[in-house]
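Chain naming here is simple, since letters A, B, ... match the order of the sequence lines and numbering starts at 1 in each. Quick note: numbers below take in every heavy atom, side chains included, and nothing from hydrogens, waters or symmetry partners.
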Amino acid sequence: MNARILSSFSPQAEQGTTIPLLLVAGLVAAGIALLLIPFLGSQTLVDVTFRTCSLVILAASWNLMASAGLISLGHSAFFGLGSYAGILTANLLAVPFWLSLVIALVAGGVLGLSLALVTARLRGIFFAITTLALSEGLRIIAVMLPDLTGGAKGAYLAAASVPSQMTVNVAMSVAAILACLGVVLVFRSRYYYALRAMRANEHAAQMIGIYPLKYRVGITVLSGAMASLVGGIEVWHGGYLDPGIAFDLHVTIMAQIAPIIGGLYTIVGPVLGSVLTIFLGDATRLAFGHIPGASLFVFGILLVGCVLYLPHGLVGIFTRLVRSRAALSQKKEAVR
Amino acid sequence: MLKLTNVSKSFGGLKAISDLTFEVRPNQFFGIIGANGAGKTTLLNLITGYTPPSEGRIEFEGMPIHGLPPYRVAHCGIGRTFQITQPFAEMSVLDNVMTGALFSRNGARRSLRQARAMCDEPLRLVGLADQAHQLAGVLTLGARKKLELARVLVTEPRLLLLDEVMGGLTPHEIDDLVETLRRVHAAGTTIVMIEHVLHAIMNLSDHVFVLNFGRELYRGTPDDVVNHPEVIAAYLGKPLTEQ
Amino acid sequence: MTPLLELKTLQVGYGESLVLQDLSLSVNEGEIVCLLGANGAGKTTTTRAISGLIAPRSGEIRFAGKDITTLPGHERVTRGICLSPEGRQVFPNFTVHENLLIGSYNPAARQRRVEKLEEVYGLFPRLAERRKQKAGLMSGGEQQMLAIGRALMGCPRLLVLDEPSLGLAPKIIIDLYETIATIARQGLSILFVEQNVQAALLIADRGYVIANGHIAAAGSSADLSKAEFVQEAFLGKKPVAAA
Amino acid sequence: QETFTIGAPASLSGKYADYGNQAKNGVETAIEVWKQVHGDKVAGRPINVLVRDTQSNNATTVSLINMLIETDKVDVIVGPDGSNVAAAAVPPWKKQEDRPIWFAPGGSSSVLEEEVGVDPYFFHTYAWTYYYHQNTSQAFKEIMGADKKVAFIYSDGAYGRAHIDDAKKYFEEAGFEIVASELVREGATDFNPTLMRIRARHPDILYLLVQTNDAVQLTKQIAAARLDVSLLVGTAQVQLSSWQEAVGVQQECWTGVTTWVSGLKYPADEREPKIFPSAADFEKMWMEKYKRTPDFLEVSYYISTMLAMLAADETGSVDREVMKDWLEKQNYNTPLGVSKFEKSRVALHQAFGTMVVFQRQKQDDGSFKSVIVYPKEAATGDLNLCK
Amino acid sequence: MMDLLPQVLADSLLLAGLYSLMAVGMSLSFGIIRIVNFAHGEMVMLGAYGAYWLFVLLGLDPLVALPLILVAGLCLGWLLFRVVIVKVLEAPHLNQILLTFGVGLVIQNLVVILWSANARSTTPEYATASWILGDLFLPQGRVVAFVVAAALIAALVAWLHWSEAGRATRAVAENSAAATLMGINVRKIYALSFGVSSALGAATGVIVSFIITITPLMGFPILIKAVAIVILGGLGSVAGAVIGAFVLATGETFMSYYISDGAGWAEGFAFVIIFAILLLRPRGVFGQAVETHS
Ligand SMILES: Nc1ncnc2c1ncn2[C@@H]1O[C@H](COP(=O)(O)OP(=O)(O)OP(=O)(O)O)[C@@H](O)[C@H]1O
Ligand SMILES: Nc1ncnc2c1ncn2[C@@H]1O[C@H](COP(=O)(O)OP(=O)(O)OP(=O)(O)O)[C@@H](O)[C@H]1O
Ligand SMILES: CC(C)C[C@H](N)C(=O)O
Ligand SMILES: [Mg+2]
Ligand SMILES: [Mg+2]
């Protein structure tokens, strides 16, 4: 039992084919709750749920790339592209809500594909900075093509049929559930082994037959599509878009913070991390929001604290707890 | 089975491999020795696609493989270990081996469960079964060398290239490994082995190839090699019997 | 007389693994001591512990009568322990001359810099010829000379050499050993790690053999080269295990 | 007990923190004054002010608006500031069936106006971009004549993009010749290329359409470039004390256009003289409290907050229909002029669109003063040409 | 527009000086400690505020304040290293980036709390004066900044190459373990180089204090630009950073002069170059062999 729980949390999961019951149960319960909240919850709950789901997807998407050793400093590129794909197709081609989401999804996938192909030789910090450049570059394009994007003045969603807020909220919940399922599937498939092997050592990975580009493309397409989808949904939620919002570094940073304080390279880490990040963000905003600068100041301190004192995230703590308990029980057995 | 024709490799001005021609026949146990920097590791890198040869042809089972990327070479049925071990540090020993099982030639058709089932045998063979759940990153050098071997064995290569797998092992472990390799060989795997542990390589190989400054110095049976004056001068220093 | 260097029941490890389990040895003033052991036995780890690159888990290191167990590495240099590390570790983008200059970074050595430079250049004329060349472009053997010369620049009382003959041509190895003997005659103590056991035992006064994390054998060079244990493990005389 | 709740989303951190702080000062001062004058209650209810930080972030703003309306059930919204943030607040507010009355004392972008449309609950208490340029083009035409060459510099940010089209339109209509209209990047390190291009066109009037940060740097670079222009004009920044302090003596001759500037002569209101003192007294009060003259956002936030409280108190109701009807009818004399709401280009409720053109002029004691030069009835001095 | 060419070149040169100093500090801490310091922009910001307050409160000219601020920057960098950075020396790149980002966020908002978000600038006389040489027009402030930047970079290079401590610093950069064996206190050198890097950042702040606008958020655009330059030139190389700065400054200036709306696209130029360089020469023009595994 312990080993099973452990495997679902720890980065070095082993029982590849067995999905622990607890995890399944937890996920199903969380999924049902997520789907019900838009209908039953209070406005605050609905709002927090929406933002948490949004961050969960972004964090999971970022974490997928990171799992393959691809550190993205420009996740807002995907988010922003998705947002623009959503709003432009809705405004110019009058596509309905669901279709615009599909388009955002595809756009993100295509951007991921191009990124993977273009950066096939880059790793580590070099890949990271390319993504940063990608995001800033897209922002400049959006700013400099006002006839298309509305430019810095921004553009409002002018769709003929705006779905109800509840529909948009449900869409985000569904997307979050699908994203988590997607991640679970990836982490329970051969992909998971390829990703970790690539992250550890692309050289050696090749020698046992892994074609890194194939998996790199796969993962950036998936990850890009996920992040783009969030951008697409957010546009229908916010109804307004400008380049600063779309390609905001804040999106990237949040997408990184969540997995790091949750637990990098794990399934539940980004989810836990997102919940905690949203909580900390709201708490600091409510507690210190009336003093200029204070809310981000406190948030910064919390962030620094998390990096210093939770180097392996919440999951790390949990794993250590389970480990030491397992060790304890083993010792007891040995005594007997 | 493996055939090199006039293969050369230079790094800038340095000619690490010059004009090598040799052939490894099916089910041979082919030993390679040579001084440090003679070009042995470079040779393996050439065969497995990590560095393209400057000149020459490399064929495997009649197919040219020079210029193929490493993963394609691996899919052809060639496995190798690294002299400087390259474990996937954040994965457990078992996961390391499983990765091998999943992505080898036939791996595509295997489920995770099947791949998992294939790992026990190689782990047992190299003596890592006890440590299957440890993180590869914390293994000792010797254990890492064993892991290298297990990870490549599980891919069921037809040609196995070993780069100093015995370095870092105790004499006792070396003896065990010699036995293991003998069995792998007997089961039909062709093996090319680079080794400084002389008694192991002399004992296992049926053919020994001596490399010196990137060139062939001599080749022959182990007994021929250890008694050849040039080999003694370039590599052994003194006749084996005097050592 | 208290020994210059004394290691008492030292335990050293990396991460979860313990490499040296209970190691004690000593080096007297003006003595040449060699350290033998299989690959991965912990020889390098011992030299790293002595020069403070890794902290022991327990045990004691005494130098010139003082406890230096917790002294940081750079301060040990000031006290007179200089290491020529495994794999040479020269500063590749520094010129040969700069490498030597940085060797006498510690204040005591800085005062004797000119004199020491002359001494090193005298010892290795090759370095003098190449003083303006970038160290990274030097041949392996030249880099090894540089590493030793650099360690000498620090005006050591105890010179620790980790596999100084690695990558050197046999002829240079002979030169090197003569040099080591010369240095020792000037009153310096030397602790060196060597794979080339025969040569090592020729110039060393005493030797230690590390196995399984402790000293498995110790004694004068003459005794050691006769010991069956050493012969089996290092001199290739062990009959191949008939399993 | 039920309260009268004012939701005040303000950008207290992030890139608009400067504006957010002014917004907060305006709202808080209004509450303070109200309590001194009318006691602790509005329409018989205790006052509850929720100042919330948008962090200059659009997503946060959307959540804030949703929560203020649905969870906090605010009776009015005052804010937010900063064009992007204000723009982002529109859709979530409009989406709510029972949206409360919204005072917008910040955003000037006509994109925002178009999106709000004829919504009856939207009350704009600040000038739209086109007011700026109607006023300046008219002022300069009357004072200098229209046979002048104008060059515009606008930023690629929301501010510049929102202004440039209207600016060109009105100056062209007034008969000016537009010789250059140069885009600059927000936060660029060097504006010299742009200035050199403009120098080649020899404009008489150089008009900046950029935010304060860029304006500070541009002002200094323009001074260094020794452009031969007769008039330097800016929009929002010229009356901001932060700009004035940052550029020091270089503020000489800069001309601005705004709703509020020190030295306006609006009288006190007779019914509520303490709530709406004369412009001069208001300034005095502000000087006592903050040791400086108020900035324009502070004034419009103050007045908007006051109007919200009066609407409830006078009608004795917090019903938005009742308040809206009252607001449509009221007209106070405020420090910003008469508070009557009228139709603007698109939107239904617009007050304080009257703008004045003023110039920073050096006084004998070496200090600088904003001299109002247009409209004539408000003028306190003449427009000087720059040397 | 060819007659503008001398002016274009002069503008490029002056801008390049500024960019060089922005990037060199950042490059230094990466080259020696292997840390991409995302709080470097905040060092610049603090330097600018330092210059501002000394200017406003004590009437000190920024150039007079420069030595004081260099020392203060050094101390602050040293302290920052000792208190937080040292704890992530061995951590993955990602944790380091996030940590320094968090530190930047804290500093930024601390400044907002202490001094508000108002825009500020220092106004020494040379900030708004200029020299005119024939057709050539040289803003004094920028010339001053260029001279200061050049002098500081020259001093840094001289220190690195000819002083004992500088040599030790380079040794640490090349091989920190071997440096210990030379008797060099590696931690101290790390702290020192982080301090020097911060001091250079603060010095950048001083010279931009009379050129661009001082706000709590001014650091981020500077950081992005510095990152671009450092990547262009190759991580960890001072010469590379200077060359990268020249490439970027020249490109931006030319675009602004010769392309309509070029000023708006100019920043895009940096990113196009980054892409091109990374694709053609993943280690930058002057890159040292930098480990690419994170
Ligand atoms: N990438 C490279 N660039 C330049 N020179 C190289 C490179 N790789 C290897 N060399 C050089 O080529 C020569 C052969 O190296 P190789 O690693 O093949 O030796 P080896 O025979 O495996 O030695 P050892 O027994 O020490 O493993 C050496 O001199 C080495 O320095
Ligand atoms: N940085 C490290 N992290 C973890 N384990 C290490 C590390 N360095 C060495 N080891 C392990 O410690 C053991 C002893 O290594 P050491 O380098 O001291 O051996 P050695 O006797 O010098 O061997 P060689 O003859 O190969 O140089 C080896 O098993 C090695 O795997
Ligand atoms: C906040 C205000 C000063 C106005 C803002 N700059 C805008 O254009 O909307
Ligand atoms: Mg080799
Ligand atoms: Mg060793």
Side-chain angles (χ1 to χ4, degrees), chain D residues 11-22 55-56 153-157 160-161 181-197 199-200 211-227 237 240-243 245-251 295, chain E residues 1 4 7-8 10-12 14-15 18-19 22 52 56 108-109 112-113 116-123 125-130 132 137-142 208 210-218 220-222 225 249 252-258 260-268:
Chain D
S11 305
L12 292 170
S13 15
K15 62 182 170 195
Y16 297 125
D18 193 0
Y19 293 145
N21 202 24
Q22 292 175 28
Q55 300 184 332
S56 304
I153 295 181
Y154 66 102
S155 70
D156 66 355
R161 296 269 193 197
S181 129
E182 292 281 338
L183 176 83
V184 294
R185 196 158 30 85
E186 253 185 348
T189 320
D190 190 6
F191 293 118
N192 218 30
T194 306
L195 297 180
M196 292 296 130
R197 284 166 67 126
R199 158 182 285 177
Q211 291 272 32
T212 321
N213 289 355
D214 296 316
V216 171
Q217 186 184 341
L218 260 167
T219 305
K220 291 163 78 181
Q221 282 205 277
I222 287 168
R226 304 196 210 164
L227 294 183
Q237 83 275 15
L240 282 178
S241 42
S242 56
W243 177 84
E245 278 164 28
V247 301
V249 294
Q250 300 304 335
Q251 58 184 287
D295 279 327
Chain E
M1 294 264 264
L4 272 177
Q7 184 68 48
V8 180
D11 281 3
S12 308
L14 294 178
L15 188 61
L18 202 61
Y19 282 1
M22 279 180 190
Y52 173 80
V56 171
Q108 245 173 45
N109 288 285
V112 173
I113 294 171
S116 87
N118 284 353
R120 301 164 198 267
S121 83
T122 58
T123 49
E125 243 157 58
Y126 48 80
T128 49
S130 50
I132 294 180
F137 153 85
L138 300 172
Q140 285 181 18
R142 278 171 195 263
V208 298
F210 50 81
I211 291 180
I212 67 175
T213 309
I214 307 169
T215 73
L217 299 185
M218 68 190 285
F220 184 68
I222 291 178
K225 200 147 267 176
E252 283 191 2
T253 309
F254 268 77
M255 284 186 72
S256 304
Y257 268 103
Y258 292 116
S260 110
D261 280 0
W265 290 106
E267 190 140 294

With chain D, which of [options] has the greatest number of heavy-atom pairs at distances under 4.5 Å?
options	result
E:Ser116, E:Ala129, E:Pro221, E:Gly141	E:Ala129
E:Phe137, E:Phe254, E:Trp265, E:Tyr126	E:Phe137
E:Pro139, E:Ser121, E:Ala263	E:Ser121
E:Thr122, E:Val56, E:Ile211, E:Leu18	E:Ile211

Can you tell me which portion of [X] sits under 4.5 Å from chain D's heavy atoms? Options are side chain, backbone, both or neither.
X	answer
E:Leu217	side chain
E:Glu267	both
E:Ile222	neither
E:Tyr19	side chain
E:Gln108	neither

Can you measure from [atom1] ([X]) to [atom2] ([Y]) and round to the nearest 0.5 angstrom?
X	Y	atom1	atom2	value
E:Tyr257	D:Asn192	OH	CG	5.0 Å
D:Arg199	E:Gln7	CZ	CD	7.5 Å
E:Asp261	D:Glu182	CG	CD	8.0 Å
E:Asn118	D:Gln22	CG	CD	7.0 Å
D:Leu218	E:Ile212	CG	CD1	12.5 Å

- Item | Side chain D:Arg197, main chain E:Ser256, donor-acceptor under 3.5 Å | yes
- Item | D:Lys220 side chain to E:Thr213 backbone, donor-acceptor under 3.5 Å | no
- Full working for side chain to side chain contact (heavy atoms under 4.5 Å, CB included) between D:Thr189 and E:Leu15: CA-CA 8 Å; D:Thr189 320; E:Leu15 188 61; 4.0 Å; yes
Using a cut-off of under 4.5 Å for heavy-atom pairs, which of [options] has the most such pairs with chain E?
options	value
D:Ala188, D:Gly187, D:Gly248, D:Ala225	D:Ala225
D:Val249, D:Leu12, D:Asp18, D:Asp156	D:Asp18
D:Met196, D:Lys15, D:Glu245	D:Met196

Side-chain touch [X]/[Y], heavy atoms, less than 4.5 angstrom:
X	Y	value
E:Asn109	D:Ser13	yes
D:Asp190	E:Arg142	yes
D:Arg226	E:Ser130	yes

- In terms of heavy-atom proximity below 4.5 Å to chain E, should D:Ala200 be classed as side chain, backbone, both, or neither? neither
- Under a 4.5 Å heavy-atom cut-off, does chain E meet the side chain of D:Gln237, its backbone, both or neither? neither
- Heavy-atom closest contact (D:Pro193 atom, E:Thr253 atom, distance): CG-CG2, 4.2 Å
- Item | Minimal non-hydrogen separation, E:Val112 against D:Ala17, with atom names | CG1-CB, 4.4 Å
